[in-house]
K.L.:
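Below are the structure tokens for one structure; questions will follow.
Side-chain atoms are counted along with the backbone in the values below, which use heavy atoms only and exclude waters and symmetry mates.
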Amino acid sequence: MPNPDPLHPPTVPLWRGKTPALPEFFALLNALPNPALILDAKKGVVQICNAAFQKLSAFSQGELIGSNLSDLIPGIDLLRLSQGEETLTPMNRRSRPPLDVLVTASALDAQTQWLLVNVIAAGQAQTTGAQRDQMGKRMAALAALSDATDLQSALEKAVEICKTLFSTDHVAIYQVDPSAPHLRRVVCCGTDGSFPETMPSGDLIRLSETCVWSPGRRVQTELHRFARIGGLSYLASTPLGLGRALMGLLVVGDTTAEPSPYLPEFLEGSAMAIGTAIQHFLLTDNMAHEMEQQGRRNSIYAAIFENTEEGVMVLEPGLNVREINSAAEWILGYANWEAQGQPVENILIGAGPLIPALEAACQGIPTHNIGNVHLHRRNGQSFPAHLQAVPVQKGGELLAVIVFLTDMSMHEQIRLRTQQLEHRALLGDVTAVFAHEVRNPINNISTGLQLMAMRFGPDDPNLELLNRMEGDCTRLNHLMESVLAFSRPIEPKFEPVDITLLVRRLLDRWHPRMTRVNVQPFLQSAENTPKIMADPRSLEQVFTNLVSNAVEAMSTTGGTLAVKIAPSDTLTTPPHVDIIVSDTGPGIPDDMQAHVFEPFVSNKSSGTGLGLAITKRIVTAHHGSIGVDSFPGGTVFRVQLPAVQGE
């Protein structure tokens with residue numbers, strides 16, 4: 001009667017003498033589909049094994065017969081094995097990594113000396129309670145992949161879990177490359193030749209369902225071609241992702257073991273956990289990128305909000321102030337914390353047309369030009385302002401109302417100043433024409449007065465009157481010449497000028513007059529003073545005006561006129577030379593110091609008020625600068641002119 005269970009043969013001893021009948025047992029073992037061997041339990045020595053066990057272990061028949069089972073399966077307990085307990089433990093293989101196997105045994109004799117040992121790869125064995133626990137732990141570990149630090153670490157961990165779950169060293173994960181039309185291998189274990197580095201994106205369509213390929217079947221993809229070249233006994237793949245949102249592949253293969261009937265189920269469960277982890281990290285990365293971009297936008301908006309010269313007020317939908325920027329604080333005189341929560345009409349006082357515009361903004365209608373209105377600062381000062389009201393909406397919901405506030409005071413001042421300058425320019429043109437036309441009649445009058453004076457004797461009482469009239473003509477003529485000089489465009493001809501020599505010659509010419517009014521001149525010049533680029537004739541007019549004004553200021557009391565020449569301490573390009581002209585006169589009144597370089601400004605009864613204005617024009621034409629500092633008991637003019645560079 002045949003045995004109903006081919007995996008558990010009867011314990012009727014089939015041996016000749018004291019050893020089993022090896023040929024009969026060898027034929028019987030090879031008939032079994034699973035790896036099996038005959039074990040001498042007392043010695044722990046392998047007697048014979050079938051071809052399936054040789055393939056699984058990669059050892060030859062000669063290497064296995066007579067070897068100790070503990071060398072092949074280090075974790076085996078022979079006593080428990082002989083008692084019928086199942087053992088899940090790693091098995092050593094030749095030139096290959098250890099493989100988790102399920103080991104069971106059946107006694108062939110009453111003394112349990114001879115055991116039929118069945119060895120099944122863990123991935124092919126039917127699940128026992130212990131296996132289910134281990135598989136449950138591994139599936140739980142796959143479900144916890146989102147706890148990894150990054151996506152790459154999670155995928156590497158997933159491959160390690162799949163290695164033990166499927167008892168193989170051939171596991172790979174592919175991802176869709178968004179920058180190229182192919183799939184890229186991101187994580188892999190086993191030999192690189194088992195799986196290609198990239199696959200065409202069309203292969204993902206062909207492998208859009210779980211597929212188990214084995215030798216002899218049709219090669220449909222690049223992945224199958226590599227599996228055939230690599231000598232894999234099977235290759236299984238399942239997509240990562242659901243529906244059309246496929247993002248990659250999970251691939252598992254082996255070189256010796258056959259695929260378990262439960263392989264597709266475990267493979268799909270693993271792919272679901274890995275796909276969830278990939279989506280988690282992609283979502284996390286996208287959120288982090290979006291948060292970073294939002295942070296940058298917020299920083300830009302904050303910089304614009306705080307640094308714009310235009311006042312900005314953010315109002316709640318109820319038209320209470322949420323915040324104001326620094327410009328609005330400066331314009332209105334309120335601090336941000338004082339304005340927060342206040343109704344807008346308590347801050348923008350006097351803006352009558354603003355309320356209808358704000359009500360329109362609450363309805364989503366912007367008003368870009370409320371017009372110029374007069375507002376009141378916190379201190380009560382009134383000022384002209386330009387207002388705009390713009391709603392901020394999202395999905396039809398009003399989030400805020402932005403009020404833009406521009407202080408028009410400065411614009412009004414600029415407008416008035418521009419108008420004043422235009423009037424002055426027109427007046428200057430008229431004055432120049434007038435001076436040119438009047439100068440000839442004044443000369444004629446002066447000539448006539450001189451002829452009349454020649455007819456009177458020295459004691460004639462009318463002679464004094466004629467002399468005063470001739471003096472007035474001289475002053476008018478001098479004024480006309482000054483006006484023409486001021487209105488005439490300056491066209492200097494630059495050349496290297498020794499400023500020390502020019503000033504010394506000027507002081508020498510003025511020395512007789514300074515002696516008469518008791519003015520003592522001093523000139524101090526640094527040895528390393530360079531020459532300056534200037535028009536000598538124009539420059540002489542500059543210092544003649546400065547010396548003349550200083551001597552005239554000290555003409556009644558006497559004093560000291562000092563001129564100091566030295567390279568400027570200010571770092572400029574090109575370097576400059578300082579010429580400081582100081583006197584010990586009465587000084588310039590404070591209310592006139594800011595206007596001394598303006599035309600027709602003078603504190604002398606006989607002055608035209610054009611000398612310093614012409615001086616400033618000449619210095620400016622030389623790309624220099626001039627300034628004044630005056631106090632009771634002295635006046636200091638500082639002139640800076642560019643020095644010559646190179647030869």
K.L.:
Could D578 and R638 be called an ion pair, given the rule that one side-chain N must be under 4.0 Å from one carboxylate O?
P.N.:
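Looking at R638 together with D578, the answer is yes, because their closest N to O distance falls below 4.0 Å.
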K.L.:
Any heavy-atom pair between the side chains of P196 and Y174 that's under 4.5 Å?
P.N.:
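Side-chain contact under 4.5 Å: yes.
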K.L.:
side-chain contact (heavy atoms from CB on, under 4.5 Å) for V639 and V581? Distances and angles first, verdict last.
P.N.:
CA-CA 8 Å; V639 180; V581 180; 5.8 Å; no
K.L.:
So, the side chain of N325 versus the backbone of E306: is there a donor-acceptor pair under 3.5 Å, distance only?
P.N.:
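Checking the backbone N and O of E306 against the side chain of N325, no donor-acceptor pair under 3.5 Å is found.
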K.L.:
Do you know which two heavy atoms are closest between A158 and I173, and how far apart they sit?
P.N.:
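Heavy-atom minimum between the residues: CB-CD1, 4.2 Å.
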K.L.:
Hey, mind stepping through V312 and I324 against side-chain contact (heavy atoms from CB on, under 4.5 Å) and telling me if it holds?
P.N.:
CA-CA 6 Å; V312 180; I324 62 177; over 6 Å; no
K.L.:
Can you see which heavy atom on A339 is nearest to which on V321, and at what distance?
P.N.:
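Scanning both residues, the minimum pair turns out to be O-CB, 3.2 Å.
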K.L.:
For the pair E222 and R225, find out whether any cationic side-chain nitrogen is under 4.0 Å from an anionic carboxylate oxygen.
P.N.:
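Salt bridge: yes.
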K.L.:
Which salt bridge (charged side-chain N to carboxylate O under 4.0 Å, His left out) pairs, counting each pair once, include a residue from residues 372-390, with sequence neighbours left out?
P.N.:
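Every pair satisfying salt bridge (charged side-chain N to carboxylate O under 4.0 Å, His left out) with a residue in residues 372-390: E338-R378, R377-D407.
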K.L.:
Would V542 and V619 count as a side-chain contact (heavy atoms from CB on, under 4.5 Å) if you check the C-alpha gap in whole Å, the side-chain angles of each, and the deciding distance to 0.1 Å?
P.N.:
CA-CA 8 Å; V542 168; V619 172; 4.1 Å; yes
K.L.:
Could you tell me whether the side chain of D203 and the main chain of M199 form a donor-acceptor pair under 3.5 Å?
P.N.:
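Pair absent, no side-chain N/O of D203 close to backbone of M199.
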K.L.:
Please find the pair of heavy atoms, one from P642 and one from P574, that lie closest to each other, and give the distance.
P.N.:
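Scanning both residues completely, I find the closest heavy atoms to be CB-CG, 4.0 Å.
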K.L.:
May I ask you to decide if G341's main-chain N or O and R322's side chain share a donor-acceptor pair within less than 3.5 Å?
P.N.:
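Answer holds: no.
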K.L.:
Could you tell me the separation between the CD atom of Q152 and the NZ atom of K157, rounded to the nearest 0.5 Å?
P.N.:
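So the gap between those two atoms works out to 14.5 Å.
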K.L.:
Indicate the ring-plane relationship of F597 and F637, choosing parallel, tilted or perpendicular according to the 30° and 60° boundaries.
P.N.:
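It falls in the perpendicular class, over 60°.
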K.L.:
With a 4.5 Å heavy-atom cut-off, do V314 and I402 have their side chains touching?
P.N.:
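Contact flag for V314/I402 side chains = yes.
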K.L.:
Verify, without hydrogens or angle tests, whether N286 (side chain) and L282 (backbone) share a donor-acceptor contact under 3.5 angstrom.
P.N.:
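Indeed, once roles are kept as given, a pair shorter than 3.5 Å links the two residues.
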K.L.:
Step by step, work out the side-chain contact (heavy atoms from CB on, under 4.5 Å) result for L319 and C362.
P.N.:
CA-CA 9 Å; L319 299 184; C362 291; 3.6 Å; yes
K.L.:
Roughly how far, to the nearest 0.5 Å, is CD of Q340 from CD1 of I347?
P.N.:
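Answer rounded to 0.5 Å: 10.5 Å.
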K.L.:
Would you mind reporting whether K163 and D169 have side-chain heavy atoms less than 4.5 Å apart?
P.N.:
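A side-chain contact under 4.5 Å exists here.
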K.L.:
Within this structure, what is the CG-CD1 distance for the pair L405 and I331, rounded to the nearest 0.5 Å?
P.N.:
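The distance works out to 4.5 Å.
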K.L.:
Between S153 and T149 (side chain of the first, backbone of the second, donor and acceptor by atom type, cut-off under 3.5 Å), is there such a pair?
P.N.:
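Pair absent, no side-chain N/O of S153 close to backbone of T149.
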K.L.:
Kindly compute the distance separating CG (L332) from CG (N379), expressed to the nearest 0.5 Å.
P.N.:
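So the CG of L332 and the CG of N379 are separated by 10.5 Å.
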K.L.:
Taking all atoms of both residues into account, what is the closest heavy-atom pair of M533 and P496, and its distance?
P.N.:
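Minimum heavy-atom contact is SD-N, 3.9 Å.
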K.L.:
Check whether any side-chain N or O of T529 sits under 3.5 Å from a backbone N or O of A526 as a donor-acceptor pair, and report yes or no.
P.N.:
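Indeed, once roles are kept as given, a pair shorter than 3.5 Å links the two residues.
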K.L.:
Could you go step by step and tell me if Q294 and N298 meet the side-chain hydrogen bond (donor to acceptor under 3.5 Å, both in side chains) rule?
P.N.:
CA-CA 6 Å; Q294 185 63 38; N298 291 341; 3.1 Å; yes
K.L.:
Taking everything shown except E209 itself, do over 12 heavy atoms lie less than 6.0 Å from its CD?
P.N.:
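Atom CD in E209 is not crowded, with 12 or fewer foreign heavy atoms closer than 6.0 Å.
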K.L.:
Counting heavy atoms not belonging to I205, are there more than 12 under 6.0 Å from its CD1?
P.N.:
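Not more than 12 within 6.0 Å, no.
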K.L.:
So I588 and V628, do their side chains get closer than 4.5 Å, heavy atoms only?
P.N.:
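Counting from C-beta outward, V628 and I588 do come under 4.5 Å.
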K.L.:
Are the side chains of H224 and C211 in contact, using a 4.5 Å heavy-atom criterion?
P.N.:
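They are in side-chain contact.
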K.L.:
Applying side-chain hydrogen bond (donor to acceptor under 3.5 Å, both in side chains) as the test, list every pair that has at least one member in residues 227-239; sequence neighbours left out.
P.N.:
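Qualifying pairs, neighbours excluded: T210-T238.
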K.L.:
What's the separation between atom NE2 in H182 and atom CG in D177, rounded to the nearest 0.5 Å?
P.N.:
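Nearest 0.5 Å value for the NE2-CG distance: 4.0 Å.
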K.L.:
Does H280 offer a backbone N or O that forms a donor-acceptor pair with the side chain of T284 under 3.5 Å?
P.N.:
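Here the side-chain-to-backbone pair exists.
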K.L.:
Measure the CZ-NE2 distance between F404 and H368 for me, rounded to the nearest 0.5 Å.
P.N.:
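Those atoms lie 9.5 Å apart.
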K.L.:
How close do A361 and V401 get, counting heavy atoms only, and between which atoms?
P.N.:
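That would be CB-CG1, 3.8 Å.
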K.L.:
Of all the heavy-atom pairs spanning V176 and G248, show the shortest one and how long it is.
P.N.:
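Taking every non-hydrogen atom into account, CG2-N, 4.1 Å.
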K.L.:
Give a yes or no answer on whether the side chain of T308 reaches the backbone of F305 with a donor-acceptor pair at less than 3.5 Å.
P.N.:
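Such a contact is absent between T308 side chain and F305 backbone.
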K.L.:
Under 6.0 Å from the CD atom of E316, do we count more than 12 heavy atoms belonging to anything else shown?
P.N.:
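Correct, the count exceeds 12.
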K.L.:
Are the side chains of L145 and F281 in contact, using a 4.5 Å heavy-atom criterion?
P.N.:
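They are not in side-chain contact.
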K.L.:
Backbone N or O of N336 within a donor-acceptor pair of the E329 side chain at under 3.5 Å?
P.N.:
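Yes: the side chain of E329 pairs with the backbone of N336.
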K.L.:
Are F226 and L232 close enough that some pair of their side-chain heavy atoms sits under 4.5 Å apart?
P.N.:
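Side-chain contact under 4.5 Å: no.
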K.L.:
List for me each residue that meets ring-ring contact (aromatic ring centres under 6.0 Å, His included) alongside F494, sequence neighbours excluded, and say none if there are none.
P.N.:
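F494 satisfies ring-ring contact (aromatic ring centres under 6.0 Å, His included) with H622 once adjacent residues are dropped.
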K.L.:
Find out whether R93 and T256 are in side-chain contact, i.e. whether some heavy atom of one side chain is under 4.5 Å from a heavy atom of the other.
P.N.:
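The answer is yes, as the side chains (C-beta and beyond) meet within the 4.5 Å cut-off.
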